[in-house]
Enquirer: 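Before I ask anything, here is the structure I am working with.
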Protein chains: 2
Amino acid sequence: MLRVNEPINQLLLAGGDNFLTSLSVDCVILGFHEGQLKVLLLKHRYRDMWALPGGFIYKHEPTDAAAYRVLKERTGLDDVFLNQFHVFGDPGRSSKEFHLEDFETDGIPMSSDHWILQRFVTIGYYALIEFSKAIPAGDLLSENCQWWDIHELPTLILDHHEIVNKALVALRLQLSHQPIGYNLLPEKFTMPELQKLYETILDKKLDRRNFQRKLLSFNILQRLDETKKGVAHKAPYYYKFDLEKYNDALREGLDSGW
Amino acid sequence: MLRVNEPINQLLLAGGDNFLTSLSVDCVILGFHEGQLKVLLLKHRYRDMWALPGGFIYKHEPTDAAAYRVLKERTGLDDVFLNQFHVFGDPGRSSKEFHLEDFETDGIPMSSDHWILQRFVTIGYYALIEFSKAIPAGDLLSENCQWWDIHELPTLILDHHEIVNKALVALRLQLSHQPIGYNLLPEKFTMPELQKLYETILDKKLDRRNFQRKLLSFNILQRLDETKKGVAHKAPYYYKFDLEKYNDALREGLDSGW
DNA sequence: TTTTCATTGCGTCATCATGACACAATGTAA
DNA sequence: TTACATTGTGTCATGATGACGCAATGAAAA
């Protein structure tokens, strides 16, 4: 228990001076693996519950930088796609009792007006990362950090389930305006992989042939001469994004409407 | 100057205990009048600058409620459409020097570590209101509160110009998913008025006939038997929204894409 | 070695949405 | 009474979309 208590104590003592006292960030870190969207979650140190990676904001730190910091610490990744999507600002969203109970189990005495027990407003970010590049790492409060299938989440603490859901809704709405495929897929990918990604995010089956036609019509993909090896049945071609054209297209939105 | 100083002093003394100390809300209040989008702005008490209506958040108040409170105070309106759209969290966005200078001009002594001078993260909200129903009212710090054409804004304080711009971008992206017409127009409106609204938000000319066809195809409008009176040339029909169908349609998005 | 068969690449067709524009009707102002 | 800007309605060519056919591929099964 010492392993955990020592860093916690440091956080509790110094934290109030270093951090903004009522604001935090929480990150919905998304990856795509084996045809499924995955979320990175941290195991609660005692409870049979999991939590989104989150953190406090240093007094002179941009909120975005705080989210990047959390992301770097949990995944080892630097240059990631990160998007603020919603503020969760209900006073009831965090529970003083919940945390007090934890610290009691820790054996850490805690006055009930300690800053860390107060109400926290949290800024939700979602991050899109290339699954294979991330190296999940636990934090002070949790040795266990791992990916969960977005459709088979464990019990989450507080309102973290709502945060994940809101992130998915935001992702769906921004699908045509953000380089979502580029950030979630490896550099080379096949058309069925890309389609599966869209299907997972939209939670909807798409026609294979029409999907291909539509995406090619955007002129953002570049087909490579290489086909996928060691695969049963006919081998699909590899594609990669033409980043320049992709970004140009996103500015207008891939699916204009108006 | 007393008129201003007395309430300011109360705010400064009691504020630190009542409010969250590093978080605020700012509202981009939008109305539509004479074919133009208008923003409600407050005149700075000394400077030749204007500001978005904003405010602090009580320690046990939901952030959304704080925004509603600001809105009610500035417009007298209760039941408005309000949407959180972005958090502005750069430490450099507020300027301690700027505010210190103001308080010096007020003749109010202020220690440089006062909570009100510290860095503030602000949550941006946009509100859509029916122009004619609002009764703009100034606040403690500003007797002057008035509408400005979105394309002819005066100089704004701090990063408020950026906040307005971000609000417009968000509004554009959400145009097909939010009841924007319903909230900005009076109950009865003509097709040209509705079109002008869309053109203003999208900053783009639309073909009159195609626009009419498209909006009617959504089946969210109900044509009244009444035509607009006292207008030169041919009188257009009045329409109103079929709110039930409108809300149904918005759930899917008016312009699906996928 | 041959056969099987799920999967991929490419194409067709009917239908619907879109952009561009024509024309008659309306009703105030000249 | 006439002029004319504006509105209501419609047409037409083009392009996008959804539904589906068919041959080619290549590892796995026979």
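So that the names make sense, note that chain A is the first sequence line, chain B the second, and so on, each numbered from 1. Quick note: numbers below take in every heavy atom, side chains included, and nothing from hydrogens, waters or symmetry partners.
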Enquirer: Donor-acceptor pair under 3.5 Å: do we get one between B:Arg213's side chain and the base of C:dG19?
Expert: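 Donor-acceptor pair under 3.5 Å: yes.
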
Enquirer: Checking only heavy atoms, does the side chain of B:Arg223 share a donor-acceptor pair with the base of D:dG8 at less than 3.5 Å?
Expert: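 A donor-acceptor contact between them is absent.
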
Enquirer: Output yes when B:Glu199 and B:Arg208 qualify as a salt bridge under the 4.0 Å nitrogen-oxygen rule, no when they do not.
Expert: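 No, this pair does not count.
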
Enquirer: Confirm from the modelled atom types if B:Arg209 and C:dG19 form a donor-acceptor pair under 3.5 Å, side chain to base only.
Expert: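 Checked by distance alone, the answer is no.
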
Enquirer: Could you tell me whether the side chains of A:Asp225 and A:Tyr237 share a donor-acceptor contact shorter than 3.5 Å?
Expert: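 There is no such pair (donor and acceptor under 3.5 Å, judged by atom type) between the side chains of A:Asp225 and A:Tyr237.
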
Enquirer: On the nucleotide C:dT8, are OP1 or OP2 found under 4.0 Å from the side-chain N or O atoms that A:Gln212 carries?
Expert: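 No, A:Gln212 has no side-chain N/O under 4.0 Å of OP1/OP2 on C:dT8.
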
Enquirer: Would you mind reading off the distance between A:Phe211 atom CZ and C:dT8 atom C1', rounded to a whole angstrom?
Expert: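 About 14 Å, once rounded to whole Å.
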
Enquirer: Tell me the interatomic distance from A:Asn210, atom CG, to C:dT8, atom C1', rounded to whole angstroms.
Expert: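 Spelled out: CG on A:Asn210 to C1' on C:dT8 is 15 Å.
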
Enquirer: Measure all distances between protein nitrogen or oxygen atoms and nitrogen or oxygen atoms of nucleotides 24-30 of chain D, and list the pairs falling under 3.5 Å.
Expert:
from   : atom 1 : to       : atom 2 : distance (Å)
D:dT25 : O2     : A:Lys234 : N      : 3.2

Enquirer: Take the protein atom CG of A:Leu216 and the nucleotide atom P of D:dT17, then report the distance between them rounded to whole Å.
Expert: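 Result: 13 Å.
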
Enquirer: Is B:Lys228 salt-bridged to B:Glu193, cutoff N-O under 4.0 Å?
Expert: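 Salt bridge flag = yes for B:Glu193 with B:Lys228.
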
Enquirer: Rounded to whole angstrom units, what separation is found between the CG atom of A:Leu215 and the P atom of D:dG18?
Expert: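 In whole Å, D:dG18 P and A:Leu215 CG are 13 Å from each other.
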
Enquirer: Kindly point out which of C:dA20, C:dG9, D:dG8 is positioned nearest to the side chain of A:Pro236?
Expert: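 The answer is C:dG9.
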
Enquirer: Examine C:dA17: is either OP1 or OP2 under 4.0 Å from a nitrogen or oxygen in the side chain of B:Lys214? Give yes or no.
Expert: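 B:Lys214 to C:dA17 OP1/OP2: no side-chain N or O under 4.0 Å.
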
Enquirer: Taking all heavy atoms of B:Tyr68 and all of B:Val80, pick out the closest pair and write down the distance.
Expert: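 So the minimum-distance heavy-atom pair works out to CE2-O, 3.6 Å.
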
Enquirer: Report, as yes or no, whether the 6.0 Å neighbourhood of atom NZ on B:Lys240 holds more than 12 heavy atoms from other residues, nucleotides or ligands.
Expert: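 Counting neighbours around NZ of B:Lys240, 12 or fewer heavy atoms of other residues, nucleotides or ligands fall under 6.0 Å, so no.
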
